Amino acid sequence: MKYRKLGNSELLVSEISLGSWGVNEGVERQNAEACIRKAFDLGINFIDTSNSYAAGGAESFLGEVLQGIERSHYLLATKVFFPMSPTDKGLSAPQILKQIDASLSRLRTDYVDLYQCHRYDPETPLEETMTALTEVVRQGKARYIGFSEWSPDQIQAAFSFADTEHFVSSQPQYSMLWRNPEAEVFPLCAANGIGQIVWSPLAQGVLTGKYQPQQAPPKDSRAANDQMNWYLLEELFSDRILTAVQQLKPIAQEVGVSMSQLALAWVLRSEYVVSAIIGASRPEQIVDNAAASGLKLSDEVLAAIDRILGSVIRKY
């Protein structure tokens, strides 16, 4: 496993990191525990979660599973913004200060390494949000702060306040099929000491090649799980995208890698990307994905990928 420095922080993050969105959302507990153990065995040191995943259930699960593991051996990140109740939501100062304590209680730890704004809150003055996040850091409850899916203007505005902590991480959606952050978000963040920890690098599993056009999804797949279907983008599973993805299989075979490894290596080719967050329901998926760390794709392979996907990139 290779590691990269996260922005202007002291955190060395594994190139492949483990998400916990699926915990209590269709992934059996026994498998989820086995995935975490396998991730640690393979050198993955960064676990990403949120207070909103399974309404706190993901954090509680991690708090139980991580007991007994030396805290300095892994990096733990969580997020705040989405509703925990009809009145508990957003990025106001009272909410941030309330939710960090609730997250730490569920996680059974004194601090998180990274505390992230899950989205931007247009209903709260940004200075209030930044001041509250600064208080969280200076109280020792988080080492660093980050955000997910902020626009360039929102990111730029966060730099304008004196005596507040600076963001060190951005968490955008990014994959072969979804390249929107490349134009503005990546260079803006790099110029301000912010690294990218990207989500959905496998495009909700589409880039694994397991979904065939004009065929029902495999019974054990995320797309076939009724609990998860709300999260899937209908256009992402269109025949035109699935057909294009199938054309990547000969490239993966020629390189000698799995489709997942090809997609993850493509994401990690970027100098802006620190880590790619994966989700897994079985330990063998962790093994396959972790092998993408350190994998280099030639210019010819990258050009071939662009030729195949050119008609579907940024089209959904």
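The model shown is predicted, which means the values in this text are computed figures rather than measured ones. Note that these values count all heavy atoms, side chains included, but never hydrogens, waters or copies made by symmetry.
- When all heavy atoms of V80 and N51 are compared, the closest pair comes out as CA-OD1, 3.9 Å.
- For F46 and Y74, the distance between ring centers is not under 6.0 angstrom.
- Annotation: cation-pi pair R71/Y111 present, NZ/CZ under 6.0 Å from the ring centroid and within 45° of its normal.
- Annotation for K141 and I100: closest pair CB-CG1, 4.1 Å, computed over non-hydrogen atoms.
- The shortest heavy-atom contact between Q246 and G209 is NE2-O, 3.0 Å.
- Of the possible polar contacts, none joining the S293 side chain to the A290 backbone as a donor-acceptor pair under 3.5 Å is found.
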- Task: Decide ring pair (Phe, Tyr, Trp, His ring centres under 6.0 Å) for Y144 and Y115; before the verdict, give the C-alpha distance in whole Å, the side-chain angles of both, and the deciding distance to 0.1 Å.
- Result: CA-CA 6 Å; Y144 299 99; Y115 198 45; over 10 Å; no
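- In the model, E128 has no side-chain atom that pairs as donor or acceptor with a side-chain atom of T124 under 3.5 Å.
- Atom CG of D163 is separated from atom OG1 of T134 by 7.5 Å, given to the nearest 0.5 angstrom.
- For D48 and K79, the salt-bridge test passes: some basic side-chain N is under 4.0 Å from an acidic carboxylate O.
- Here the CG atom belonging to L295 is positioned 14.5 Å from the CH2 atom belonging to W266, to the nearest 0.5 angstrom.
- A donor-acceptor contact under 3.5 angstrom links the side chains of Q95 and D88, judged on distance only.
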- Query: Do S260 and L207 pass the side-chain contact (heavy atoms from CB on, under 4.5 Å) test, and can you show the C-alpha distance, the side-chain angles, and the key distance before you say yes or no?
  - Reply: CA-CA 7 Å; S260 295; L207 289 170; over 6 Å; no
- Output, in order, the C-alpha distance, side-chain angles, deciding distance and verdict of salt bridge (Lys or Arg N to Asp or Glu O under 4.0 Å) for D306 and R179. CA-CA 11 Å; D306 285 348; R179 307 186 185 188; 2.9 Å; yes
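- N45 and S14 share a side-chain donor-acceptor pair at under 3.5 Å.
- In this model, no donor atom of one side chain and acceptor atom of the other lie less than 3.5 Å apart for E182 and Y272.
- Counting non-hydrogen atoms of other residues, nucleotides and ligands closer than 6.0 Å to CD of Q30 gives a total of 12 or fewer.
- For E165 and R138, the salt-bridge test passes: some basic side-chain N is under 4.0 Å from an acidic carboxylate O.
- In this structure, the separation between CG on D113 and OG1 on T78 is 11.5 Å, given to the nearest 0.5 Å.
- A 6.0 Å sphere centred on CD of E184 holds no more than 12 heavy atoms belonging to other residues, nucleotides or ligands.
- The number of heavy-atom neighbours closer than 6.0 Å to CD of E10, taken from other residues, nucleotides and ligands shown, is 12 or below.
- Side chains of Q116 and S148: no donor on one and acceptor on the other come within 3.5 Å.
- For E254, the CD atom sits in a loose shell: 12 or fewer heavy atoms of surrounding residues, nucleotides or ligands are nearer than 6.0 Å.
- Put simply, CG on N8 and OG on S169 are 11.5 Å apart, with the number rounded to the nearest 0.5 Å.
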- Message: Determine whether E59 and T49 satisfy the following criterion, side chain to side chain donor-acceptor pair (under 3.5 Å), listing intermediate values before the conclusion.
- Response: CA-CA 7 Å; E59 288 182 332; T49 190; 5.4 Å; no
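- Aromatic ring centres of H118 and Y53 lie closer together than 6.0 Å.
- For the residue pair Q285 and S281, the shortest heavy atom distance occurs at OE1-N, 2.7 Å.
- By the 4.5 Å heavy-atom criterion applied to side chains, E64 and R108 are counted as neighbours.
- Ring geometry for Y120 against W150 counts as perpendicular: the plane angle is over 60°, on a 0 to 90° scale with 30° as the lower cut.
- Of the N and O atoms on the side chains of S258 and D288, at least one donor lies less than 3.5 Å from an acceptor on the other residue.
- For the pair S160 (side chain) and A157 (backbone), a donor-acceptor distance under 3.5 Å is present.
- Rounded to the nearest 0.5 Å, atoms CZ (F40) and NE2 (H73) are 10.5 Å apart.
- Atom NZ of K5 has more than 12 heavy atoms from other residues, nucleotides or ligands within 6.0 Å.
- The distance from the CH2 atom of W199 to the CD1 atom of I277 is 9.5 Å, given to the nearest 0.5 Å.
- Closest non-hydrogen pair, L268 versus A292, comes out as CD1-O, 4.4 Å.
- Annotation for M84 and A55: closest pair CE-C, 3.9 Å, computed over non-hydrogen atoms.
- If you check the side chains of S275 and E15, you find no donor sitting under 3.5 Å from an acceptor.
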- Message: With side-chain contact (heavy atoms from CB on, under 4.5 Å) as the criterion, how do I197 and S17 come out once you've worked through the C-alpha distance, each side chain's angles and the decisive distance to 0.1 Å?
- Response: CA-CA 9 Å; I197 300 174; S17 48; 4.2 Å; yes
